[in-house]
Amino acid sequence: MSTATAPRAMADEGRRIRWADLAPFIALAVIVLLGTLINANFISSANIVNIVTRTAFIAIIAVGATFVISSGGLDLSVGSMMAFVTGIMIMTMNGLAPSYGGWAIVIGAGVALIVGALCGLFNGLVVTLGRIEPFIVTLGTMGIFRAFITFMTDGGSLAIDRSLREAYRPVYFGNFLGIPYPVLITLCMALLGAFLLYRTKFGRRLTSVGSNSEVARFSGVNVGGIRTVAYVIQGLCVAVAAICYVPRLGAVTPTTGQLWELQVITAVVIGGTVLRGGRGRIWGTVAGALILEVIANVMVLSDMVSEYLVAAVQGAIIIIAMLAHRFTANR
């Protein structure tokens, strides 16, 4: 390439990257517009609040998944891990409620964070020390966590103690200045995730590991340590989502979090994070989670497509997103 054409090529590349970064938000705006045209009730304040609040669980977990995928990893166990962490949290709160009252909620939340971090640490250590493909490891732990919650609930339901329900209810149903608490928690997690990924040495090392682990290793980066920390972050995000989830239904069952891994990965991919690693987009991930929930909501309101086909649509979306990534990468 000549020196005359080099600046022009760099400018073209810069524009392409900026448009790629904006793509999830443009898509979200288009889908919102279509939803408004299909059903006027879509744009009602009650429906919008419902959408953004329901998005919180997937968005929070997807923030953690952005770190794992950016490092070149993958976690298929997040849905089952969510159910397992929720079960441990409810059992802890129920056991402490008679003695500690409302403080049982705080202690239970702390236990959830510890258990989530340990689950992520386990996944990370098996992947890095065992040198096993993340797909295989997390496919295995997905089954393990799901079996544990099925055993803990005896195949039924594990409900929170009645004495704690009213005290815990505001965590999901309450709001601050009209903004639901789950939305505020999601924003806090996204801000923290964006800071770690974009503004810290850890974030730079994480993306270098995902881009080329061998080059990163020769540069003195602890590849195994970085990837393990990414899985720990994922576990902590799952725990935060569990803390927000418990007051919504007040119980956990063996099907809690089922297929959430599909939604999480889809949100990350359509948000602009490269599945093979090396690039992460935290805010794109949040937009991706919103896109999935808005599409599901529009499907329900329009009656054009059965709500039972939501998972099929989400599966199609991730395939289309991967094809788009491959097309742009080959240009």
Side-chain angles (χ1 to χ4, degrees), residues 1 9-10 13-14 16-17 20-21 61-78 81 114 116-142 144-145 189-190 192-239 261 264-265 267-285 288 318 321-322 325-326 328-331:
M1 181 181 295
M10 292 177 63
E13 180 67 18
R16 184 190 307 170
I17 292 173
D21 292 344
I61 297 174
V63 167
T66 303
F67 283 87
V68 171
I69 293 175
S70 296
S71 72
L74 188 68
D75 194 342
L76 298 177
S77 70
V78 291
M81 187 192 302
I114 294 171
L118 289 175
C119 289
L121 179 63
F122 179 77
N123 280 340
L125 289 177
V126 175
V127 168
T128 56
L129 297 182
R131 297 186 178 182
I132 305 173
E133 287 296 320
F135 175 86
I136 300 299
V137 173
T138 57
L139 185 64
T141 53
M142 178 176 69
I144 292 171
F145 295 143
M189 295 299 293
L192 180 58
F195 175 78
L196 284 175
L197 190 60
Y198 304 141
R199 301 295 182 183
T200 67
K201 184 183 294 184
F202 168 76
R204 292 190 292 272
R205 289 178 175 177
L206 182 87
T207 52
S208 70
V209 167
S211 182
N212 192 317
S213 60
E214 290 304 315
V215 172
R217 184 177 287 109
F218 289 137
S219 300
V221 176
N222 183 348
V223 173
I226 292 293
R227 283 182 170 160
T228 300
V229 172
Y231 279 99
V232 172
I233 292 173
Q234 174 73 94
L236 287 170
C237 287
V238 169
E261 53 278 348
V264 166
I265 294 172
V268 174
V269 171
I270 65 179
T273 297
V274 179
L275 194 57
R276 65 177 178 271
R279 187 181 73 188
R281 296 288 183 267
I282 295 293
W283 296 109
T285 290
I318 191 172
M322 288 305 302
H325 280 200
R326 179 64 59 88
T328 55
N330 291 334
R331 289 186 61 184

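Heavy-atom basis, side chains included; hydrogens, waters and symmetry copies ignored. In this chain, numbering begins with 1 at the start of the sequence shown. Not measured: the values here are computed from a predicted model.
Atom-to-atom distance recorded for I61:CD1 and T66:OG1 is 12.0 Å, nearest 0.5 angstrom. With rounding to the nearest 0.5 Å, the separation of OG1 in T138 from CD1 in I132 is 11.0 Å. Note: R279 CZ to I69 CD1 = 12.5 Å, rounded to the nearest 0.5 Å. L197 contributes atom CG, which lies 12.0 Å from atom CH2 of W283 (distance to the nearest 0.5 angstrom). Here the CD1 atom belonging to I265 is positioned 12.0 Å from the OG1 atom belonging to T273, to the nearest 0.5 angstrom. Between the OH atom of Y198 and the CD1 atom of I282 there is a distance of 5.5 Å, given to the nearest 0.5 Å.
Side chains of L275 and V268 form no contact here, defined as non-hydrogen atoms less than 4.5 Å apart.
Each of V229, I226, I233 was compared with L206 under the side-chain contact (heavy atoms from CB on, under 4.5 Å) criterion, and only I226 meets it.
Residue V215 comes nearest to N212 through the heavy atom pair N-OD1, 3.1 Å, listed as atom of the first residue, atom of the second, then distance. Closest approach of V78 to E261, counting heavy atoms only: CG2-CA, 3.7 Å. Between G116 and A239, the shortest heavy-atom contact is CA-CB, 4.3 Å. Across C237 and M189, no two heavy atoms sit closer than the pair SG-CE, 3.7 Å.
At distances below 3.5 Å, not a single donor-acceptor pair connects side-chain atoms of S211 with backbone N or O atoms of T207. Although no hydrogens or angles enter the test, the distance criterion places no donor-acceptor pair under 3.5 Å between the side chain of R227 and the main chain of G73. With hydrogens and angles ignored, the 3.5 Å screen pairs no side-chain donor or acceptor of T285 with any backbone N or O of A267. A donor-acceptor pair under 3.5 Å links the side-chain atoms of Q234 to the main chain of A65, judged by distance alone. Of the possible donor and acceptor atoms, none in the side chain of Y231 sits under 3.5 Å from a partner among the backbone N and O of A117.
Applying the side chain to side chain donor-acceptor pair (under 3.5 Å) rule to S70 yields no partners; only residues at least two apart in sequence or on another chain are considered.
The list of side chain to side chain donor-acceptor pair (under 3.5 Å) pairs with a residue in residues 118-127, not counting sequence neighbours, reads S77-N123, N123-T141.
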